[in-house]
*Asks:* 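Here it is, the structure in full.
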Amino acid sequence: MAKAFGFAATDASAPLAPFSFDRREPRDKDVELDILFCGVCHSDLHTARGEWGNTLYPSVPGHEIVGRVSRVGAGVTKYRVGDLCGVGCLVDSCRHCVSCNEGLQQYCENGWTGTYNGPEQGTGANTYGGYSDKIVVDEAYVLRIPDGMDPAAAAPLLCAGITTFSPMRRWRVTAGQRVGVVGLGGLGHMAIQIANAMGAHVTLFTTSPGKLEDAKKLGAKDVVISKDPAAMAAEANTFDFILDTVAAPHDLDPYLNMLKRDGVMCLVGAPATPHPSPGVFNLIMKRRQLVGSLIGGIPETQEMLDFCAKHGIVSHIEMIAMADINEAYERMLKSDVKYRFVIDMATLDKTAA
Ligand code: NAP
Ligand code: ZN
Ligand code: ZN
């Protein structure tokens, strides 16, 4: 076992605090990363605070990890010591089911292993995420950070990037389509950039009028304040695809009403309590589709990283020290983040162990 150190929540109401734990020694196919940066996803907050009801404590969140390879097992072929690598939301899966065989490990029929909150394949043990100094992951679940990409600004691509890229690929967002993005936070700011790079005409729906200018800089052509019912109604029947990234329950009907015939609205935001049920007639009268999507598999995550490198897309980040994580969570709850907090792991004070 190797000694590791990070920040953990010990129960749903405890602030995150310094935490020492063990990581496995690298096995034959394992890569060990010294973590440089870790993005702060709203899912980290949902998990640390037990909002989804499934948290294994102590919980070390963090699944937007960029680091340098510090050790490799004897059987590792893809990476070498010194490489700049990423780890996203999943670190293992069964590797033989129909979904794993299609590279869709996030839908593993036998249960995938989260970067945090487990369960480890075989043992069912908890796993510890990227709010820590190092991580050990099988090379098959490690990503390559493209040359020249800023490592801190790349970190949020590992969750916010792939979670928005994957549904846009799945439902074939193409040039000239009208795409709506609901919520301008970590996921939303990646969604705008990616949809724009795919050639779509992007509209942001936001509760925060102060984000208008930023949305346009990110590539949105239009911004609609979602609290304005008349502005919302004016968009009826005009969208091909809407991606909803909001972390809180809200009425879906005004958005469904904006879809064209056969249009698709995809939910990726995962609030702790359900959205009110949408009206059935909004769906059946125009054969509209309401769907969901979960992160992305390993091959598609690499494809997304390469797509972002090609189009010059990275996250817009606010760097924080590890000790500022609890304050960052409070700000995230107020939609006060532009547009992703990233922890500089050099600030992790190991003397606090
Ligand atoms: P975030 O940075 O906090 O952004 C969420 C945005 O939602 C806010 O910036 C805000 O945008 C909007 N919002 C509107 N009303 C809100 C309210 N009452 N409370 C909070 N936000 C509100 O969060 P994120 O990291 O992008 O994550 C968004 C959601 O996606 C979370 O629920 C997260 O767990 C989930 N998620 C799902 C997946 C998946 O695989 N499906 C992956 C990652 C994350 P405006 O100010 O523009 O209104
Ligand atoms: Zn995430
Ligand atoms: Zn599987």
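Note that ligands are numbered from 1 as they come in the structure, with each ligand's atoms numbered from 1 the same way. Keep in mind that this is a model prediction, so the values were computed, not measured.
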*Asks:* Using the ring pair (Phe, Tyr, Trp, His ring centres under 6.0 Å) criterion, which residues pair with Tyr57? Sequence neighbours excluded.
*Replies:* none
*Asks:* Before giving the answer on side-chain hydrogen bond (donor to acceptor under 3.5 Å, both in side chains), spell out for His316 and Asp214 the whole-Å C-alpha distance, their side-chain angles and the decisive distance to 0.1 Å.
*Replies:* CA-CA 10 Å; His316 293 229; Asp214 286 347; over 6 Å; no
*Asks:* Protein N, O or S atoms less than 2.8 Å from the Zn ion (ligand 3), ignoring waters?
*Replies:* Cys94 SG, Cys97 SG, Cys100 SG, Cys108 SG
*Asks:* I'd like to know if Arg340 and Glu64 make a salt bridge, using a cut-off of under 4.0 Å between side-chain N and carboxylate O.
*Replies:* yes
*Asks:* Do the side chains of Glu32 and Val69 get nearer than 4.5 Å, heavy atoms only?
*Replies:* no
*Asks:* Is any NZ, NE, NH1 or NH2 atom of the basic residue among Glu300 and Arg170 found under 4.0 Å from an Asp or Glu carboxylate oxygen of the other?
*Replies:* no
*Asks:* Would you call Asn257 and Arg288 a side-chain contact if the rule is heavy atoms closer than 4.5 Å?
*Replies:* yes
*Asks:* Determine, for Asp22 against Lys3, whether the closest basic-nitrogen to carboxylate-oxygen distance falls under 4.0 angstrom.
*Replies:* yes
*Asks:* Give a yes or no answer on whether the side chain of Gln193 reaches the backbone of Val314 with a donor-acceptor pair at less than 3.5 Å.
*Replies:* yes
*Asks:* Taking non-hydrogen atoms within less than 4.0 Å of ligand 1, which protein residues qualify?
*Replies:* Cys41, His42, Ser43, His46, Trp52, Cys159, Thr163, Gly183, Leu184, Gly185, Gly186, Leu187, Thr206, Thr207, Ser208, Lys211, Thr245, Val246, Ala247, Ala248, Val268, Gly269, Ala270, Ser293, Leu294, Ile295, Met332, Ser335, Arg340
*Asks:* Among Tyr116, Tyr329, Trp52, exactly one meets ring pair (Phe, Tyr, Trp, His ring centres under 6.0 Å) together with His46. Which residue is that?
*Replies:* Trp52
*Asks:* For Tyr141 and Ser93, test the side chains for any donor-to-acceptor distance below 3.5 angstrom and give the result as yes or no.
*Replies:* yes
*Asks:* Considering the options Cys94, Cys100, Cys97, which one meets the side-chain contact (heavy atoms from CB on, under 4.5 Å) requirement together with Glu109?
*Replies:* Cys97
*Asks:* Check the angle between the aromatic planes of Phe19 and Phe21 and answer parallel, tilted or perpendicular using the 30° and 60° thresholds.
*Replies:* parallel
*Asks:* In the structure I gave you, are the side-chain heavy atoms of Thr207 and His250 within less than 4.5 Å of one another anywhere?
*Replies:* no
*Asks:* How about the Zn ion (ligand 2), which protein N, O or S atoms come within less than 2.8 Å?
*Replies:* Cys41 SG, His63 NE2, Cys159 SG
